[in-house]
Undergrad: 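Here it is, the structure in full.
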Amino acid sequence: MQKVFVVLAALCSQAIGDIYMHNPRGSNDRLNEASAQRKNANRLFDSQNNNRGGYNVGDATDVAAGADEGKQYRMKYFQSGPTTGKTQLTIEWTNQHGCGGNEDDNPQKLNCKLVLQYMCQDDVDEPTGGPDTIRNGVSTATQAYTKPSRTETEAKVAARKAANVQQNKGLHETWNWYEQCVVRNRNNGLFLADQKLKGQSAIFTRQNANGNRRGYECPEERDYYPYWHPTPWTDIAVLAENASLCDSYTAQSFNVQPYGLCIEKYDSGNRKDSKFNTPASCAEGGGVWTELHNYLEKASIDNEAACTASINRIWAIPYDSVDGSTKECLVKLSKPACQEAPWSRSNHLGNGIGGEPNTVQWTIPHFPSLKEKRCILRMRYNISTDDYDPFNTDSSSNNQPGKPSPVTNNPFVDIGVGRTPLRLAINTAQFGRVFQDRTHAFLLRPRPAELQNERILNLNVRGKRGNIVQVYPSVEYDFVPTNLELTESDLVHIQWEGSNTHKNGRPGGDGQTGEAGEGKSGSDRHNIAQMADRNENYPVPFEKSTMWDNAEVKWIYHGLTSISKKSLAINMASSGYYRCISATECPNPDFADFLVETKEKMQNQLNNAPASYEGAVLKFKKGTYHYMCTRNNNFTNRSQKATIIVQ
Ligand SMILES: *[C@@H]1O[C@H](CO)[C@@H](O)[C@H](O)[C@H]1NC(C)=O
Ligand SMILES: *[C@@H]1O[C@H](CO)[C@@H](O)[C@H](O)[C@H]1NC(C)=O
Ligand SMILES: *[C@@H]1O[C@H](CO)[C@@H](O)[C@H](O)[C@H]1NC(C)=O
Ligand SMILES: *[C@@H]1O[C@H](CO)[C@@H](O)[C@H](O)[C@H]1NC(C)=O
């Protein structure tokens with residue numbers, strides 16, 4: 001009897017979970033839509049989140065990028081340096097269903113795990129790139145996919161791909177990744193409860209029994225981590241159910257552990273997708289079971305001796321090998337970070353310990369090639385309950401005659417009053433469930449030669465236009481981190497992005513529409529002006545400000561580091577609308593269109609200023625600097641103030 005009540009208590013809170021990234025901003029499959037609801041939940045990936053979540057892609061200027069992806073803004077973070085100079089980015093998110101806390105001192109109502117990963121490739125000049133280039137696209141439609149016919153030549157497969165992949169649509173995983181998933185048999189050892197899967201391939205899972213497609217994401221890979229085949233993702237961190245699982249997660253990470261795939265070949269010698277998913281079936285079917293490796297990037301060394309003689313290199317077959325058998329020189333990855341998931345309150349989106357949203361620091365990698373990379377970041381939130389052992393329940397517990405699944409859809413339970421059972425709200429497709437959010441495309445660029453050794457901390461902005469109920473489950477504007485603590489030897493990279501289409505209009509789904517806020521409709525704008533005290537709401541006049549006087553410019557997006565303090569202040573206050581005071585100070589003709597003395601006046605709420613700002617890398621002298629955004633901070637309604645504390 002007691003068992004039943006425990007189960008009931010747990011299930012009453014079994015609402016939907018949801019995860020939303022706020023810095024860097026998560027798209028939740030949005031692109032640039034003016035509606036509160038995203039247009040297409042299948043655009044790039046399966047989030048399983050509320051349709052209202054997510055932020056639009058950044059715009060580079062004061063007008064919406066529209067059909068020109070080149071006018072979108074991509075956040076540009078500096079990579080770490082080769083040795084001591086680490087770049088840190090605060091990843092901030094909210095999850096709905098609670099997380100963290102172990103059985104002993106801080107009991108939760110579920111098991112929860114968060115997995116952070118990224119995927120990068122060399123950046124290319126064209127904003128959209130080729131058929132495999134990561135991009136946001138300019139259309140909210142999903143890339144097409146035509147299923148293969150029974151036997152196809154290599155040329156036929158290539159033609160099908162060419163006909164499917166469109167330049168104007170977003171792309172994360174490649175078409176070939178999805179095709180591999182379609183062709184490969186699913187893992188038959190997985191626990192399916194009483195779900196009836198509509199097919200044999202890896203696109204069918206307990207959570208995706210109908211085999212629906214989102215972008216070119218592979219559903220089996222999406223639902224399970226660590227995955228048992230090679231994937232295009234690199235692990236950043238696992239925030240585990242409890243710390244005791246970390247050794248196993250980091251050892252099984254594809255960063256450090258190769259995974260097998262069945263390699264079959266065309267006559268040309270190129271790799272052909274195989275349906276076999278185990279060593280035995282692969283051998284029987286005439287394929288070669290092959291361990292493939294993940295890598296940070298490919299090294300420009302073409303022989304084994306030189307490769308293995310170099311530090312941090314490995315001579316191995318990469319996961320994306322064209323023929324599935326040739327070894328190449330790869331730059332090794334390190335293990336992901338792992339710790340117990342931070343605690344958050346169930347059914348209270350955003351309440352971590354002390355009411356603060358949870359964060360982790362991502363130490364951005366150093367790419368030895370010194371190439372600029374185009375990347376996306378993904379975060380998954382996995383919740384499961386103790387109603388079946390999530391770690392030790394497999395296909396042997398699936399529903400079968402005379403042996404029901406340990407959990408079933410909407411079961412009835414006897415609570416001791418005979419013929420009056422109670423019905424539970426259980427959907428076995430979602431009992432044990434993975435949510436996901438991903439960023440828009442961003443760039444990781446190599447550091448300038450003179451900035452190799454300092455730590456760089458990123459200072460950004462989160463949120464979108466609207467009041468608290470209009471933006472929910474996204475958030476209102478704020479700086480991230482709100483309190484940035486550093487030392488005099490650290491550097492701060494200040495940068496932000498905003499959209500011109502955050503109108504939050506109809507349809508609003510199960511929330512409010514509207515775009516309460518200052519300035520032009522639909523527009524996000526930010527700037528930085530120093531304040532004397534966070535309890536005040538007026539910036540200090542430039543003559544009295546210390547923040548820019550005490551800042552040394554180490555890098556600024558328009559290339560002029562010997563800029564006056566006043567010009568720096570004006571860059572920050574105008575979101576880059578103005579870059580310099582006068583032609584006397586900045587005689588270079590590149591500045592002619594951005595001078596305070598000659599440029600058309602900036603609108604006082606930044607309406608004609610760019611929505612995004614590439615910013616500057618600054619070194620601050622000891623002190624405490626409070627600052628605000630003059631446009632969005634509205635004492636009665638919302639505050640956008642923050643502090644840099646330099647020790
Ligand atoms: C950690 O999680 C595993 C799996 O749920 C469980 O068996 C173990 O008891 C947990 N350990 C602690 C200390 O909570
Ligand atoms: C989610 O947790 C389940 C255990 O309940 C596990 O089998 C699965 O691999 C996990 N998936 C992800 C993406 O973490
Ligand atoms: C200020 O807050 C009130 C109450 O929440 C809201 O009705 C109003 O739209 C807000 N105004 C602005 C400009 O955000
Ligand atoms: C600030 O918020 C109030 C609502 O409290 C609103 O009436 C006003 O328009 C907003 N803007 C300014 C500039 O005060």
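Counting convention: from 1, in listed order, for ligands and their atoms alike.
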Undergrad: Applying ring-ring contact (aromatic ring centres under 6.0 Å, His included), can you list everything that pairs with His229, at least two apart in sequence or on another chain?
TA: Tyr227
Undergrad: Does Tyr295 have its ring centroid less than 6.0 Å away from the ring centroid of Tyr319?
TA: yes
Undergrad: Who pairs with Tyr224 by ring-ring contact (aromatic ring centres under 6.0 Å, His included), at least two apart in sequence or on another chain?
TA: Trp228
Undergrad: Can you list the residues that meet the ring-ring contact (aromatic ring centres under 6.0 Å, His included) rule with Phe442, with sequence neighbours excluded?
TA: Tyr77
Undergrad: Testing Gln48, Lys113, Gln207 one by one against Val434 for a side-chain contact (heavy atoms from CB on, under 4.5 Å), which residue passes?
TA: Gln207
Undergrad: Please find out if less than 6.0 Å separates the ring center of Tyr118 from that of Trp362.
TA: yes
Undergrad: Under a 4.0 Å heavy-atom cut-off, what residues line ligand 2?
TA: Lys113, Arg222, Asp223, Tyr224, Tyr225, Arg380, Asn382, Ser384, Pro390, Val434
